Structures are given as C-alpha cells and as structure tokens.
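See structure below.
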Amino acid sequence: MAIQLFDSLSRSLQPLKPSHADGVFRFYNCGPTVYAPAHIGNFRTFTVNDVLRRLLELEFGAGKVKHVRNLTDVDDRTIGQTQKEKRPLAEITQKWTDKFHADCDALNCLRPHVEPTATGHIREQVDMIECLMQKGNAYRAADGSVYFKLSTFPGYGALSRIKERELKVTNAVADADHKDSVSDFALWKAYKPEEDGDVKWPGPKGASEGRPGWHIECSAMIKKHLGETIDLHTGGVDLLFPHHENEIAQSQCCNGTTFANHWYHSEHLLVDGTTMSKSKGNYYTLSDLTDKGYSPMAVRYALLSGHPRKQLNFTLDSMHAAESALKHLRAFHAALAPTGGSENAFAAVFAALHDDLNLPGALGALFTVVNQGPAGVSRAAFERVLFVLGFKLDAPAAPKADIPAAIADLAAKRWAAKQAKDFATADALRKDLAAAGWSMLDRKDGYSLEPLKK
RNA sequence: GGCGCGGUAGCCAAGUGGUAAGGCCGAGCUCUGCAAAAGCUCUAUGCGCCGGUUCAAUUCCGGCCCGCGCCUCCA
C-alpha cells in the first residue's frame, strides 16, 4: 500500500509518489531559526518529519528521496539577538546551528541531504524578487523595501482559506506605512542602521540595500535545490499562514508552475495541557530534559507517541513512560534469535505508518507483537521497525554522575553492613542515601549508585 | 469575532456502525534479606452532555457545554 498522507491543500488523504521522471521524491521541510536552542515543540516537528523521511526511503529507496531542510539564519529574531549580545550575526547563528545539529544527532534524526541557509542564498532570493518585480507581482515601497502585491495573485489563501477569515487588525498595521495594502508582505526589507547593525546586502535592482524577508528564502532555496515543483512540503501548523501561503504566492507567480504537490502540517506540542512558554515554566529544550536525567531517545519516543496531526500533551510523566517502553523494546530485541522468524511480523506497524503516519497506532501494533514474545519474530524485521521509528536501542549512555565522597562512604558502609547481615543498619543507610538523592542498586557481586530522577 | 483541532480509564493515547489497541502508573503474584531489576496476571458495561437515525452508536446527524491552537514573520 502506498503511503497515504493528509494533504493540507486538498484537505484529504492522498498517496505520496514522485512526480518527476527520475523517480526522486522531492521533500522540503521548513527548518529552524538559529538564534536560540530549539525547544521540544520544534523537535516534535523535526522528529515526525524524520520518521516520514525514513518511511519514504523504505518506500522509494534510499537514493530516491531528496530531503532538504533550511536554516533561517537572518530574520528579525536572529538580528535581534545580535543586537542584544553585540556580537556578529554569523557567530550567533553558527553557535545555534551547532547546537541544533547536536540535538538532532542525539534524537537520531537523519541529516537532510541539503541544509541550505538564507544567508548562503541571497543571490537566489534577489533573483526571485527581481523576477516578481518584473512580472508586476512586487513593488518597491518608498523606503526601498520590496513588497509582494497580494492582489496580483488570485489564488492566495487556498491553503489557509484566508479569504474566509476576518483579518484581525493588529499593531502590525502600524508598520504598514509603506505598503499599498495591509496584506502585502515583505520580500525585501530596507536596511535600518539602528536596528540591523551591519547586517545588509545589496538589494534587488531598484531597491535599497537590506535583507530578504522571511518567506522568500524557502521559495528560492527550493527552486535551487529541488526545482520548481516539489512532491512534499512540510512544517508545523503555525506555518500554514502566512508562511506557506506566501511561499506559494511567490513561487507560483515567479515560476508559473505548481509549487508543491502535497502539503503536510504537524500539530503543536502542548506541555501540561497548554502552549509552551517560558513565563509559564513549561518550556523545555532537549538539554532541559537530559539535565533531568532523561535520555534523548526517550524524548524522541515521547515526541512520537501522539498522532502528528493532533496536538500532543507532553508531561514529565510521558518521559517516564517513554523510558520504560524503550526498556521493553531493548529487552525484546536482545531476546530475538539472530536468524529466522517471520519477516512480516510487523506488517501492522507499517500499515499504521502508511495510513497518515499513525504513530500511536504503529506503537500499539508494535507492542502487541512484543507482548506476544520474541518467538518466531525476525530480528531483521524488528530492526526495520527500529529504523523507521529511529529508535536506537544501544544501552543508554547514562552519564556517569560524579558521586560525592560522602555518598560513596555511606554506600560502602551499607554494603559492609549487608555483608555482615546487619540488615537493620543496611536499611537505615539505604534511607539516608535516598534522602540524599541517591539510589543504591545491589547485585550479587557489588553495587552501583544512581542519582534519583529530579 | 473568524478559522481549525480536540474532549476515550489515575496519566498519555489509538480505534471501529456490532459491542473499547497500546504505553505508563497502580494492584496481586513469582523471584530476591530489604530495595532495584526481571517475569506473569489484573485494571473503562465505558468513550463530554442531550436529542435523532439504526436491529445496533463511542463510532453517523443535529444542538449544547468545555479545552487547546492559529488569525502577518511562532515547529
């Protein structure tokens, strides 16, 4: 069965298939803005897209999928950060790009085949803006910025159904002095010395120096790396409007072709039932969770435990659940015979994934097999499941916490008491250790110490 | 106000016009001095509320209540 995926434009389930003669499936996923560490909500989208990428590779072949994901390294937020820190833009974006890569690796997300940056594609963006200006879809404003003229694209709003909305009047309108219409959006933003520092490039012909607007980078980079028509374009639901709507307008007006054959949007992660925010204290980065002692793989599991098109409520309890679930998978893997067994034992897992990336359904099917025991199950088949879900079941590299001397001393005393069969003392010392935040695990030949989860 | 998503056991979460997957937690048991680990077993007559359609609805239709998100640069 082909992979069926919900298409946001037609609002229906559609099969995924390469549309180009070379059989290469062209897949673009909107990437992060590198001005701060990505949070786990961002990573929900990226891990879901990673499963999609893996599934596509199994479906079409590893060499028949081209996956592109951009890095937004110049925009209001990145520039804002340079002003705040008084450091060069490149320094800041490099730092957070490195962190993003490290987090992705920890979460076992495959690197995209191409990871283009906005600043690396200024020329391509300027070319596209000039194309739009020539065709009459864009105009230079009084301040030297360039705006897309929405009224020239009748198809606008098909994706987000914007025409059915009432545009709420916001403060943004105050910013619209130079626009012909409030709804027109920036393709090129004229340089403002007091805000932009030294971030500027020569503009499109007829415009001032400055920097690209946000939306144009995706249109330009897609055109360069994947072509005018791609097979799948994905991102978080928040990008539906205006970002993706604007991309469609830019690309289709410039190229005169269909931009993307299929649109897919994953829903947001909630934390404790509400949207994440620093002020609510429910904002987590990957490091926040690993600092609490959770493994990155458990974070991945938790992020994949809900249907991607449904909001997922993340709680710290889900981290416990994920750690335990992974432990069971690890034990099951170890118990599998090296050869033999049914190759299609996990057919139901793949059926669920092919059915609109039903991840909870797939996990349910997976555990149904696991609960029946390892007998007669192919190890290779299980490993294909691990691959598609991106679960690395290596023993978790539990960072060896430094054990304070006082704790080590208590543990040694308890072990001695236990050896002497003075169980009352041993139990009292176990309580002392627990009170100090440490758990002592006995084995026949010795013991180990682990910090209790915070 | 507009658009969209959702309300299923203590928590997370699939799913179906024919009588509720799965994970976690919890409980019991086995094994262990204790604890942990591991294994086995059990855990929703019920799927927001009220009507309707139907032989049959959690699943379809209508109304209502509640929650969440988005509405110009947030994955």
Side-chain angles (χ1 to χ4, degrees), chain A residues 8 11 29-33 38-49 72 75-77 150 160-173 175-176 179 182-186 189 213-215 234-243 245-246 265-270 273-277 301-302 305-307 309-329 331 348 352 355 358-371 373 414 418 421-424 426-428 430-431 433-434 439-444 447-448 450:
Chain A
S8 309
R11 320 196 98 248
N29 172 22
C30 279
T33 302
H39 56 66
I40 57 172
N42 297 316
F43 282 119
R44 180 191 194 193
T45 296
F46 298 131
T47 52
V48 163
N49 276 273
T72 297
D75 76 326
D76 290 353
R77 289 181 294 166
L150 222 58
S160 60
R161 304 199 294 173
I162 188 68
K163 282 175 182 165
E164 297 172 21
R165 300 184 185 206
E166 276 180 17
L167 278 181
K168 194 167 118 185
V169 176
T170 69
N171 293 337
V173 174
D175 202 29
K179 301 185 195 177
V182 179
S183 301
D184 292 348
F185 59 89
K189 302 180 94 159
W214 173 38
H215 315 293
T234 69
V237 279
D238 52 303
L239 298 183
L240 251 157
F241 181 84
H243 186 53
E245 204 71 77
N246 292 354
H265 295 91
S266 46
E267 254 296 348
H268 277 182
L269 185 76
L270 305 180
T274 187
T275 185
M276 243 186 292
S277 78
Y301 187 101
S305 66
H307 190 113
R309 288 200 299 110
K310 205 173 149 184
Q311 290 171 343
L312 172 65
N313 187 21
F314 178 92
T315 64
L316 246 29
D317 280 347
S318 38
M319 290 308 307
H320 290 287
E323 296 282 14
S324 298
L326 285 172
K327 212 181 291 178
H328 285 136
L329 294 180
D355 179 16
N358 184 346
L359 279 158
L363 291 174
L366 171 58
F367 276 94
T368 299
V369 176
V370 167
N371 290 336
R414 186 182 157 272
K418 180 186 167 174
K421 299 207 183 295
D422 179 1
F423 295 126
D427 288 352
R430 176 182 288 289
K431 277 184 187 164
L433 281 164
S439 168
M440 183 165 171
L441 308 177
D442 293 357
R443 292 187 312 273
K444 278 192 175 150
Y447 60 88
S448 58
E450 282 184 8

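Throughout, protein chains are lettered first and strands after them, A, B, ... in sequence-line order, and every chain is numbered starting at 1. Since the model is a prediction, treat every value here as computed from it, not as a measurement.
- Under the 3.5 Å distance criterion, the side-chain polar atoms of S318(A) are left unmatched by any main-chain donor or acceptor of F314(A).
- Taking H39(A) as the reference, N42(A), M276(A), Y283(A) meet the side-chain contact (heavy atoms from CB on, under 4.5 Å) condition, with sequence neighbours excluded.
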Map every base of RNA chain B to its dot-bracket character, where paired means a Watson-Crick or G-U wobble contact with both distances under 3.5 Å and | marks a partner outside the strand. (((((((..(((.....[...))).(((((.......))))).....(((((..]....))))))))))))....
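- For the P atoms, the distance linking C68(B) with U8(B) amounts to 14 Å, nearest Å.
- Put simply, CG on L312(A) is 14 Å from P on U8(B), counting in whole angstrom units.
- Between the CZ atom of R44(A) and the P atom of G69(B) there is a distance of 14 Å, rounded to whole Å.
- Listed pair N246(A) / U72(B) fails the phosphate criterion, with no side-chain N or O lying under 4.0 Å from OP1 or OP2.
- The same atom, P, is picked in G17(B) and in C12(B); the two are 26 Å apart, to the nearest Å.
- Between the C1' atoms of A20(B) and A56(B), the separation comes to 16 Å (whole Å).
- Straight-line distance from the NE2 atom of H307(A) to the P atom of A21(B): 20 Å, rounded to whole Å.
- In terms of phosphate contacts, R77(A) brings a side-chain nitrogen or oxygen within less than 4.0 Å of OP1 or OP2 of C74(B).
- For T274(A), the side-chain hydrogen bond (donor to acceptor under 3.5 Å, both in side chains) partners two or more places apart in sequence, or in a different chain, are K280(A).
- Taking atom NE2 on H215(A) and atom C1' on A75(B), their separation rounds to 15 Å, with Å as the unit.
- In this structure, the CG atom of D238(A) is 8 Å from the P atom of C74(B), given to the nearest Å.
- Atom CZ in F241(A) sits roughly 12 Å away from atom C1' in G2(B) (whole-Å rounding).
- Taking atom CG of residue L366(A) and atom P of nucleotide A21(B), one finds them 17 Å apart after rounding to whole Å.
- Between R309(A) and A75(B) there is no side-chain N or O to OP1 or OP2 distance below 4.0 Å.
- In this structure, H268(A) packs face-to-face on the six-membered ring of A75(B), meeting both the 5.5 Å centre cutoff and the 30° plane limit.
- Between the C1' atoms of U58(B) and G2(B), the separation comes to 31 Å (whole Å).
- The same atom, C1', is picked in U41(B) and in G48(B); the two are 33 Å apart, to the nearest Å.
- S324(A) pairs by the side-chain contact (heavy atoms from CB on, under 4.5 Å) definition with nothing, not counting sequence neighbours.
- To the nearest whole angstrom, the two C1' atoms, one in G15(B) and one in A57(B), are 14 Å apart.
- Residue N358(A) has no polar side-chain atom (N or O) positioned under 4.0 Å from OP1 or OP2 of A14(B).
- The only option from S305(A), S266(A), P360(A) that meets the side chain to side chain contact (heavy atoms under 4.5 Å, CB included) definition with L312(A) turns out to be S305(A).
- The phosphate of G69(B) (OP1 or OP2) has a side-chain N or O of T274(A) nearer than 4.0 angstrom.
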For N246(A) and W214(A): C-alpha separation, side-chain torsions, deciding distance, then whether side chain to side chain contact (heavy atoms under 4.5 Å, CB included) applies. CA-CA 10 Å; N246(A) 292 354; W214(A) 173 38; over 6 Å; no
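- In this structure, the side chain of R44(A) engages the main chain of E267(A) through a donor-acceptor pair within 3.5 Å.
- Using a 4.0 Å heavy-atom cutoff across all strands shown, G41(A) reaches at least one base atom of the nucleic acid.
- The phosphate of G7(B) has OP1 or OP2 within less than 4.0 Å of a side-chain N or O from K310(A).
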Indicate for each nucleotide in nucleotides 22-39 of chain B, in 5' to 3' sequence, whether protein heavy atoms under 4.0 Å reach the base (B), only the sugar-phosphate (S), or nothing (-). SSSS-------BBBS-S-
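- Comparing C11(B) with U54(B), their C1' atoms sit 36 Å apart, to the nearest whole Å.
- Shown here are the side-chain contact (heavy atoms from CB on, under 4.5 Å) partners of D427(A), two or more places apart in sequence or in another chain: there are none.
- Judged by distance alone, with hydrogens and angles left aside, the side-chain atoms of D442(A) form no donor-acceptor pair with the main-chain N or O of Y447(A) at under 3.5 Å.
- Between the CD atom of Q311(A) and the P atom of A75(B) there is a distance of 16 Å, given to the nearest Å.
- Rounded to whole Å, the P atom of C40(B) lies 16 Å from the corresponding atom of C31(B).
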